[in-house]
*Asks:* 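This is the structure I have questions about; it appears just below.
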Amino acid sequence: MVYTVTFNPSLDYIVSVENFRTGCVNRTSAEMVCAGGKGINVSLVLKNLGYESTALGFLAGFTGDEIARRLEKEGVKTDFIYIKDGMSRINIKIRAAQESEINGQGPAVSEEALQKLYWRLDRLAEGDALVLAGSIPESLPQSVYRDMMQYLEKKHLRIIVDAARDLLVNVLDCHPFLVKPNHHELGEIFGVQLSNKKEVIAYGRKLQEMGARNVLVSMAGDGAALLAEDGRVFEMEAPEGRVKNSVGAGDSMVAGFLAGYLESGDLETAFKKSVCAGSASAFSDRLATAEEVEKLLHTLPENG
């Protein structure tokens with residue numbers, strides 16, 4: 001079974017604005033509202049690819065109710081903890097000549113609420129996969145992902161971490177099955193700017209030296225690289241297509257990797273599905289579907 005954890009879910013209000021300008025009134029040319037948050041996106045894409053998961057995390061207020069309603073409509077199984085005070089955040093995504101985002105804060109997560117999440121994690125069994133993805137509320141310490149991994153250590157889970165900076169660095173000595181920074185996040189960890197795959201691979205190896213088993217690094221239009229725990233390195237250019245939307249592309253990569261690995265047990269197969277899933281979401285107004293991913297897989301040289 002696959003479980004995803006989203007500490008700070010959101011309602012994403014995605015608007016297209018032609019000739020967006022600051023300091024004046026702008027009008028939308030298109031609008032869309034959807035449930036968001038990195039772990040939630042992983043669960044949604046997994047569902048599209050034919051794999052069940054359970055979405056865990058924290059919800060609050062009327063926005064939390066709407067997030068739960070939308071996930072239920074999509075057929076995603078959930079087991080959220082509801083917080084009495086505050087509300088789940090609303091994130092505004094502006095599609096214009098340059099994409100911009102305004103992300104809300106979300107509710108404070110108390111020790112009592114966090115303990116309820118731990119009780120849910122007690123249900124996980126050996127062989128299950130757990131995705132820890134995204135930011136956390138300010139009320140929680142940057143060690144929270146590491147604390148969870150240490151708590152679950154004896155269960156021998158496949159844990160995937162998609163987070164930035166300290167949240168990611170702190171888990172490395174717990175030997176996560178996979179970490180998935182993008183090249184900007186990887187550079188931020190080491191205080192450098194990475195501009196090509198050679199540099200990405202060199203710094204990805206440093207994450208392995210720090211404890212990560214497999215390292216998947218996305219590079220937007222320049223494709224991705226996977227450093228496998230057996231020493232192999234896989235590189236792939238991004239499939240050709242017109243980018244419509246970058247929201248959820250990285251999360252789709254995580255879902256594609258998981259789906260490919262669960263299907264085959266092979267890291268190279270998982271990597272290819274990962275890149276195609278991320279690209280399929282980027283080429284669509286919504287998250288990738290199975291048909292869109294398969295179509296891109298068939299454009300790869302190995303698939304004729």
Side-chain angles (χ1 to χ4, degrees), residues 2-14 34-49 51 53-59 63-64 67-68 70-71 74 76-81 88-93 99 101-107 109 117 129-138 140 142 144-146 148-149 158-171 176-186 188 215-218 220 224 245-259 274 277-278 280-282 284 286-288:
V2 178
Y3 296 83
T4 66
V5 174
T6 308
F7 273 92
N8 221 353
S10 64
L11 271 182
D12 287 350
Y13 178 46
I14 304 170
C34 57
K38 293 181 73 64
I40 284 174
N41 288 339
V42 173
S43 282
L44 285 165
V45 176
L46 280 171
K47 181 67 176 179
N48 290 348
L49 297 178
Y51 289 87
S53 69
T54 298
L56 306 172
F58 303 93
L59 296 178
T63 44
I67 291 167
R70 287 176 177 270
L71 291 175
E74 295 291 334
V76 174
K77 184 178 179 182
T78 65
D79 193 8
F80 289 109
I81 294 102
S88 295
R89 58 188 179 154
I90 298 174
N91 292 344
I92 303 170
K93 317 287 186 180
E99 287 191 353
E101 298 186 15
I102 303 173
N103 289 347
Q105 295 182 0
V109 176
L117 176 60
L130 175 65
V131 178
L132 304 175
S135 63
I136 61 171
E138 292 183 1
L140 295 175
Q142 289 293 306
V144 66
Y145 282 175
R146 185 178 192 272
M148 291 173 65
M149 289 189 66
R158 294 190 182 96
I159 298 181
I160 295 173
V161 181
D162 183 3
R165 298 183 182 175
D166 289 348
L167 275 176
L168 181 63
V169 172
N170 288 341
V171 305
F177 174 67
L178 179 76
V179 296
K180 198 222 72 66
N182 62 40
H183 64 294
H184 296 301
E185 292 165 339
L186 180 60
E188 284 176 355
V215 179
L216 173 62
V217 186
S218 56
N245 166 39
S246 65
V247 176
D251 312 324
S252 300
M253 289 187 71
V254 172
F257 187 95
L258 259 175
S274 172
S281 283
S284 173
R286 292 184 178 271
L287 295 172

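Values reported hereafter were calculated over all heavy atoms of this structure, with side chains retained and with hydrogens, waters and symmetry mates removed. Small disclaimer: the values here were computed from a predicted structure and weren't measured.
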*Asks:* Quick one: list whatever passes side-chain contact (heavy atoms from CB on, under 4.5 Å) with Thr54, sequence neighbours left out.
*Replies:* Met1, Tyr3, Leu56, Lys77, Asp79
*Asks:* Of the non-hydrogen atoms in Val217 and Val215, which two are nearest, and what is the gap between them?
*Replies:* CG2-CG1, 3.7 Å
*Asks:* Taking side-chain contact (heavy atoms from CB on, under 4.5 Å) as the test, write out the residues that go with Asn91, two or more places apart.
*Replies:* Ser10, Asp12, Arg89, Lys93, Asn103
*Asks:* Restricting to non-hydrogen atoms, name the atom on Ser53 and the atom on Leu46 that form the minimum distance, rounded to 0.1 Å.
*Replies:* CB-CD1, 4.1 Å
*Asks:* If you compare all heavy atoms of Tyr145 against all heavy atoms of Gly134, which two are closest, and at what distance to 0.1 Å?
*Replies:* OH-O, 2.9 Å
*Asks:* Would you please name every residue forming a salt bridge (Lys or Arg N to Asp or Glu O under 4.0 Å) with Arg70, sequence neighbours left out?
*Replies:* Glu66
*Asks:* So, Asn8 side chain and Ser135 main chain: donor-acceptor pair closer than 3.5 Å or not?
*Replies:* no
*Asks:* To check you understand the geometry: which heavy-atom pair defines the closest contact between Val131 and Leu258, and what is its length?
*Replies:* CG2-CD1, 3.6 Å
*Asks:* Is Arg158 reaching over with its side chain to a backbone N or O of Phe177, donor-acceptor style, under 3.5 angstrom?
*Replies:* no
*Asks:* Any sub-3.5 Å donor-acceptor pair from Ser274's side-chain atoms to Met253's backbone N or O?
*Replies:* yes
*Asks:* Just jot down the salt bridge (Lys or Arg N to Asp or Glu O under 4.0 Å) partners of Glu188, sequence neighbours excluded, or say none.
*Replies:* Arg165
*Asks:* If you look at every heavy atom in Ala164 and Glu185, which pair is closest and at what distance?
*Replies:* CB-OE2, 4.1 Å
*Asks:* Can you establish whether the number of heavy atoms outside Gln105 located under 6.0 Å from its atom CD is more than 12?
*Replies:* no
*Asks:* Among residues at least two apart in sequence or on other chains, which ones pass ring-ring contact (aromatic ring centres under 6.0 Å, His included) with Tyr51?
*Replies:* none
*Asks:* Quick one: does any side-chain atom of Ser284 pair with a main-chain N or O of Ala280 as donor and acceptor, under 3.5 Å?
*Replies:* no
*Asks:* Regarding Thr4 and Ser43, do their side chains bring together a donor and an acceptor under 3.5 Å, going by distance alone?
*Replies:* yes
*Asks:* Holding to side chain to side chain donor-acceptor pair (under 3.5 Å), I want the full list of residues that pass it with Glu99, two or more places apart in sequence or in another chain.
*Replies:* Ser246
